[in-house]
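This one's a predicted model, so the numbers in the text were calculated from it and none came from an experiment.
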Amino acid sequence: MTDTTNDSVQTTGGAQRTNILEGDVAIVTGSSRGIGRAIVERLATDGASVLVNYVTNDDAARDVVAAIDAAGGDALAVQGDVSEAGDVEQLFDEAEAAFGSVDIVVNAAGTSVCGPIAEFAETDFDRVFDVNAKGTFFVLREAANRITDDGRIVDLSTVGTVRGDAGVGPYAGSKAASEQMVTALADELGERNIRVNTVSPGVTDTDGLIMSDETVERMVEQTPLGRRGQAADVADVVVFLVSNDGRWLTGQNLRATGGWEIGW
Ligand SMILES: NC(=O)c1ccc[n+]([C@@H]2O[C@H](COP(=O)([O-])OP(=O)(O)OC[C@H]3O[C@@H](n4cnc5c(N)ncnc54)[C@H](OP(=O)(O)O)[C@@H]3O)[C@@H](O)[C@H]2O)c1
């Protein structure tokens, strides 16, 4: 832990506790595990009150809330499937009831079924598009209607929309749809000073990383920064976007990849 003489900065675990998001309320979908968890913990570390959303994994969500509470933060876990409009509405209802408003929405919920198109089942296609495209639509639509003026919205896509490999077709297609909705919404909400951006991770160590070790190693070799990403690498980019430092960015797609897409 690092000592500091600045009263507004304390350390909690590996991250410095700051107050840069004090007074903000954030919903992070899919934040019981992986990148979403790193994002919600980082937002709480920076002073936001946070709603931790999950779909099935109650224990994991409880763990996240306990970790945030233990670090002095303010968190609430709410189950809900982003591919169900009523569930998404409920997330906003619960956040408003507990914390008063919603100022930040991060859509990290995602499903990553991959495989060659020739063998891809229609049920898998439907699930990928239900969660990643329709789920994003429901989250963006609810946010557009409920988020406060000066709010900030971030959607998680994938670098696979820039440089697709074999096996990522339907997954990358569903994420490409979400990217297009983000840019349209940025234009629609700009007059309320609401910023809407995409963060596109590259290969990141989580349960959602379903590529073979061989594929991951090949991708790391093609990555200028020479390693696989960690969830915290992506979370820090999201916090930059939702903080005042990101105030001139909207409709952008920041690729948190270590440069993989330029490292052919
Ligand atoms: N990991 C990577 O290499 C990578 C690369 C590029 C993009 N991404 C994107 O980054 C985001 C996070 O990925 P990750 O690897 O951290 O995922 P992960 O480890 O698989 O975790 C997925 C999270 O989303 C939740 N979730 C899944 N389906 C949901 C639904 N229908 N409604 C609400 N929550 C749902 C899960 O909840 P439960 O715990 O209840 O299951 C969990 O909290 C995703 O959008 C993914 O596509 C990841």
Side-chain angles (χ1 to χ4, degrees), residues 14 28-42 54-57 60 82-83 106-136 154-182 197-238 240-241 252-264:
V28 183
T29 69
S31 51
S32 47
R33 294 184 286 121
I35 295 170
R37 175 176 182 154
I39 293 168
V40 84
E41 291 191 333
R42 178 68 208 276
Y54 65 102
V55 65
T56 53
N57 205 328
V82 295
S83 68
V106 180
N107 185 38
T111 193
S112 51
V113 184
C114 290
I117 287 174
E119 293 155 24
F120 210 80
E122 185 178 349
T123 48
D124 287 336
F125 179 92
D126 287 344
R127 185 69 195 146
V128 164
F129 271 77
D130 275 355
V131 176
N132 297 348
K134 193 160 74 170
T136 299
V154 176
D155 184 59
L156 275 274
S157 181
T158 171
V159 73
T161 61
V162 179
R163 181 184 154 188
D165 267 344
V168 303
Y171 169 70
S174 67
K175 292 290 192 177
S178 76
E179 291 178 12
Q180 297 305 312
M181 288 188 274
V182 162
N197 291 291
T198 294
V199 170
S200 293
V203 62
T204 310
D205 261 336
T206 67
D207 299 345
L209 182 58
I210 54 168
M211 293 160 185
S212 66
D213 287 348
E214 194 184 20
T215 304
V216 170
E217 285 320 310
R218 180 173 51 79
M219 291 176 74
V220 169
E221 277 166 23
Q222 296 169 341
T223 300
L225 294 183
R227 63 173 174 85
R228 61 177 76 185
Q230 300 300 313
D233 295 325
V234 181
D236 287 359
V237 175
V238 172
F240 161 66
L241 279 173
Q252 303 304 306
N253 185 344
L254 297 194
R255 301 197 172 94
T257 64
W260 175 70
E261 69 281 10
I262 59 155
W264 300 82

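- Considering all non-hydrogen atoms of both residues, T161 and A172 come closest at CG2-O, 3.5 Å.
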Audit row: D155, S178, side-chain hydrogen bond (donor to acceptor under 3.5 Å, both in side chains) steps and yes/no: CA-CA 8 Å; D155 184 59; S178 76; 3.1 Å; yes
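- Salt-bridge formation is not detected for the pair K175/E179: no Lys NZ or Arg NE/NH1/NH2 atom is positioned less than 4.0 Å from an Asp or Glu carboxylate oxygen.
- Counting heavy atoms from C-beta outward, V113 and P170 have side chains that stay 4.5 Å or more apart.
- When side chains are defined from C-beta on, D165 counts as touching R218, because their heavy atoms get closer than 4.5 Å.
- Using a 4.5 Å heavy-atom cutoff, the side chains of R127 and S83 are in contact.
- A side chain to side chain contact (heavy atoms under 4.5 Å, CB included) with R255 holds for exactly one of V237, T158, V159; it is V159.
- Nearest heavy atoms, S200 versus S157: OG-CB, 3.5 Å.
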Expected list for residues 117-125: side-chain donor-acceptor pairs under 3.5 angstrom, two or more places apart:
none

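- Nearest heavy atoms, G259 versus P224: O-CD, 3.2 Å.
- Closest approach of L156 and P201 over heavy atoms only: CD1-CG, 3.6 Å.
- Of the inter-residue distances, the one linking M181 atom CE with T198 atom OG1 reads 10.0 Å to the nearest 0.5 angstrom.
- No donor-acceptor pair closer than 3.5 Å links the side chain of T206 to the backbone N or O of I35.
- Pairing each heavy atom of R42 with each of A235, the nearest pair is CB-CB, 4.4 Å.
- For the pair N132 and T111, the minimum side-chain heavy-atom distance is below 4.5 Å.
- Side-chain contact between V234 and V199: present, with at least one pair of heavy atoms (C-beta onward) separated by less than 4.5 Å.
- To the nearest 0.5 angstrom, E214 atom CD is 10.0 Å from E217 atom CD.
- With D205 as reference, R228 is the one residue of R228, R33, R227 to meet the salt bridge (charged side-chain N to carboxylate O under 4.0 Å, His left out) rule.
- The 12-atom threshold is not exceeded at CE of M211, counting heavy atoms of other residues, nucleotides or ligands nearer than 6.0 Å.
- Residue A231 comes nearest to T204 through the heavy atom pair N-CG2, 3.7 Å, listed as atom of the first residue, atom of the second, then distance.
- A heavy-atom distance below 4.5 Å is found between the side chains of V131 and V82.
- Without hydrogens or angle criteria, D236 side chain to D233 main chain gives no donor-acceptor distance under 3.5 Å.
- Between L209 and V203, some side-chain heavy-atom pair lies under the 4.5 Å cut-off.
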